[in-house]
Amino acid sequence: MAVTNDTPKVTVFGVDELKHSQNGRGRRRSNSNVSSDDSTSNSSESLGPTVRKTRRRRRRNKTSTRTLQSKNSAIHVSLEEQTKYVAMDCEMVGVGYRGRKSAVARVTLVGWNGETIFDEFVQQTVPVTDYRTFVSGITEEDLEGATLSFDQCRAKVVELLEGKVLVGHALKNDMKALNITHPWFMTRDTAKYEPFMQIRFDDGVLWPRKLKELSKLKLQRDIQIDGQPHSAYEDALAALDLYKKHMNKWEKAVEYKMKKTEELQSKKRDNLVVAAE
């Protein structure tokens, strides 16, 4: 799959910029506090205890409001940038003995605002032994009307994902079924994002949560309802909305990892040059 090394132009603070900004604010606060200590102490002595308490309460409320606003602030994404994000979900059917092997039967791509970019059933080259309708929602009639071969579907998906940030849940499974790859720094997988994961045992190892659980926990949205078939569109949209809600922190983490990766690669190159001399 042809890929590009251009990262999405999302406006985020780098780690160093963030620290510099925080240190600058800290110094400004310290200077202002030093210059106003004497006047504050004199005026405070002349005020009654009730007035002083009221002022302290107001300051605490303002601080709490600023903190809340900072936590909930979202990155503004321009119309141009919105076109660079695509969410994907695939539905599988079972082939082979007892339907144990999975084959892609439907691929859905969703855009930033929930618009459907691509949604096609895929022709099967071998007999389907388990349609998995109770989960996939796919029936024999759906595949009988499929017009795209696997190779055609794959080529179209590769084309649509070129240069895009790919969002989804457990994307490793979908990409393996489609036999495609995508750059790690342009992939946002809600199953692998550490703040979304949980520790299940005493070994401290992080395990992915189910998309259904994340959607309920983070979005207060019910998906994959028991007794109803899954919706590829619904799952892709849920993954996209999870990413959008946590985009600020997520992009900072990706930027940090990219920086560290570049540092390690640069160090490797330097070591090779030294060894060759």
Side-chain angles (χ1 to χ4, degrees), residues 85-124 126-146 148 150 153 157 166-178 180 187-203 205-247 250:
Y85 295 87
V86 176
M88 179 174 75
D89 188 72
C90 298
E91 295 296 345
M92 314 286 180
V93 292
V95 298
Y97 179 69
R98 292 188 176 179
R100 290 178 179 174
K101 185 177 180 181
S102 294
V104 178
R106 184 179 187 177
V107 181
T108 304
L109 301 180
V110 178
W112 182 264
N113 294 303
E115 70 276 17
T116 301
I117 298 174
F118 180 82
D119 186 21
E120 292 289 343
F121 291 104
V122 183
Q123 294 175 347
Q124 303 300 303
V126 297
V128 177
T129 51
D130 185 358
Y131 286 92
R132 305 175 183 174
T133 306
F134 71 99
V135 172
S136 68
I138 295 173
T139 64
E140 184 176 358
E141 290 74 22
D142 291 329
L143 296 186
E144 285 177 351
L148 283 185
F150 174 81
C153 179
V157 170
L166 175 61
V167 183
H169 188 80
L171 285 167
K172 178 181 178 181
N173 299 329
D174 293 343
M175 289 193 285
K176 181 180 179 181
L178 285 167
I180 64 175
T187 303
R188 307 292 183 265
D189 193 332
T190 55
K192 298 179 69 176
Y193 182 50
E194 290 187 6
F196 287 172
M197 301 172 79
Q198 63 180 339
I199 297 174
R200 294 172 58 185
F201 306 106
D202 295 335
D203 54 8
V205 176
L206 288 171
W207 290 75
R209 295 177 186 268
K210 293 181 179 180
L211 181 60
K212 175 180 180 178
E213 181 182 352
L214 283 172
S215 180
K216 183 67 175 178
L217 182 66
K218 304 290 185 179
L219 303 174
Q220 290 74 54
R221 183 188 306 170
D222 291 319
I223 63 171
Q224 301 178 0
I225 298 172
D226 293 340
Q228 298 181 17
H230 294 187
S231 165
Y233 173 84
E234 189 178 66
D235 291 353
L237 185 63
L240 180 61
D241 286 342
L242 283 166
Y243 166 70
K244 288 163 71 173
K245 188 172 182 179
H246 298 267
M247 184 179 181
W250 202 325

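This is a predicted model, so every value here is computed, not measured.
Salt bridge annotation for Lys101-Asp130: absent, with no cationic side-chain nitrogen under 4.0 angstrom from a carboxylate oxygen. Contact check on Arg221 versus Asp241 returns a salt bridge, with a Lys/Arg side-chain nitrogen under 4.0 Å from an Asp/Glu carboxylate oxygen. Between Asp222 and Lys216 there is a salt bridge, since a side-chain N of the basic residue sits under 4.0 Å from a carboxylate O of the acidic one.
A 4.5 Å side-chain heavy-atom check between Lys192 and Leu171 finds every atom pair outside the cut-off. Using a 4.5 Å heavy-atom threshold, the side chains of Val86 and Trp112 count as separate. No side-chain heavy atom of Gln124 sits under 4.5 Å from any side-chain heavy atom of Phe150. Looking only at side-chain heavy atoms (C-beta outward), Tyr233 and Asp89 stay at 4.5 Å or farther from each other. Annotation: side chain of Ser102 is in contact with side chain of Arg132 (closest heavy-atom distance under 4.5 Å). Looking only at side-chain heavy atoms (C-beta outward), Glu140 and Glu144 come within less than 4.5 Å of each other. Contact check for Asp235 versus Gln224: side-chain heavy atoms found under the 4.5 Å cut-off. Considering only heavy atoms from C-beta on, Phe121 comes within 4.5 Å of Ile138 through its side chain.
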Discussion item. For a side-chain contact (heavy atoms from CB on, under 4.5 Å) check, start with the C-alpha distance between Val205 and Ile199, then their side-chain angles and the critical distance, and finish with the verdict.
Written reply: CA-CA 6 Å; Val205 176; Ile199 297 174; over 6 Å; no
Item to complete: Apply side-chain contact (heavy atoms from CB on, under 4.5 Å) to Val122 and Leu148, showing your working.
Response: CA-CA 5 Å; Val122 183; Leu148 283 185; 5.7 Å; no
Worksheet item: Going through the checks in order, is the side-chain contact (heavy atoms from CB on, under 4.5 Å) test met by His230 and Ile223?
Response: CA-CA 8 Å; His230 294 187; Ile223 63 171; over 6 Å; no
Practice prompt. May I have the step-by-step check of side-chain contact (heavy atoms from CB on, under 4.5 Å) for Val107 and Leu178, ending in yes or no?
Written response: CA-CA 9 Å; Val107 181; Leu178 285 167; 4.0 Å; yes
Item to complete: Please test Asp142 against Arg106 for salt bridge (charged side-chain N to carboxylate O under 4.0 Å, His left out), starting from the C-alpha separation and ending with a verdict.
Response: CA-CA 9 Å; Asp142 291 329; Arg106 184 179 187 177; over 6 Å; no
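For the residue pair Asp119 / Thr116, no side-chain donor-acceptor distance below 3.5 Å is found, with atom types taken as modelled.
Contact detail for Val167 and Ala239: the closest heavy-atom pair is CG1-O, 3.7 Å. Nearest heavy-atom pair, Ala191 versus Ala170, reported as atom, atom and distance to 0.1 Å: CB-N, 3.5 Å. Heavy atoms only, all atoms of each residue included: Pro229 and Gly137 are closest at CB-CA, 3.4 Å. Closest heavy-atom contact between Ala238 and Leu219: O-CD1, 3.7 Å. Contact record, Ala236 with Ala87: O-CB, 3.4 Å, taken as the closest heavy-atom pair. Smallest separation of non-hydrogen atoms from Ala103 and Val95: CB-CG1, 4.0 Å.
Within 6.0 Å of atom NZ in Lys212, more than 12 heavy atoms from other residues, nucleotides or ligands are found, so the atom counts as buried in its surroundings. Surrounding CG of Asp202 are at most 12 heavy atoms belonging to other residues, nucleotides or ligands under 6.0 Å away. More than 12 non-hydrogen atoms from other residues, nucleotides or ligands lie less than 6.0 angstrom from CD of Glu115.
Atom OG of Ser136 is separated from atom CE of Met92 by 10.5 Å, given to the nearest 0.5 angstrom. Rounding to the nearest 0.5 Å gives a distance of 11.5 Å between CG of Leu237 and OG1 of Thr108. To the nearest 0.5 Å, the span separating CG on Asp174 from CG on Leu166 amounts to 8.5 Å. Taken from CZ in Phe196 to CD in Glu213, the straight-line distance is 12.0 Å, to the nearest 0.5 Å. Rounding to the nearest 0.5 Å gives a distance of 9.0 Å between CG of Leu206 and CD of Gln198.
Annotation: cation-pi pair Lys245/Trp250 absent, no NZ/CZ under 6.0 Å from the ring centroid and within 45° of its normal.
For the pairing with Thr190, the side chain to side chain contact (heavy atoms under 4.5 Å, CB included) check across His169, Met197, Arg209 returns one residue only, His169.
Checked against the 6.0 Å centroid threshold, Tyr243 and Tyr193 do not count as a close aromatic pair.
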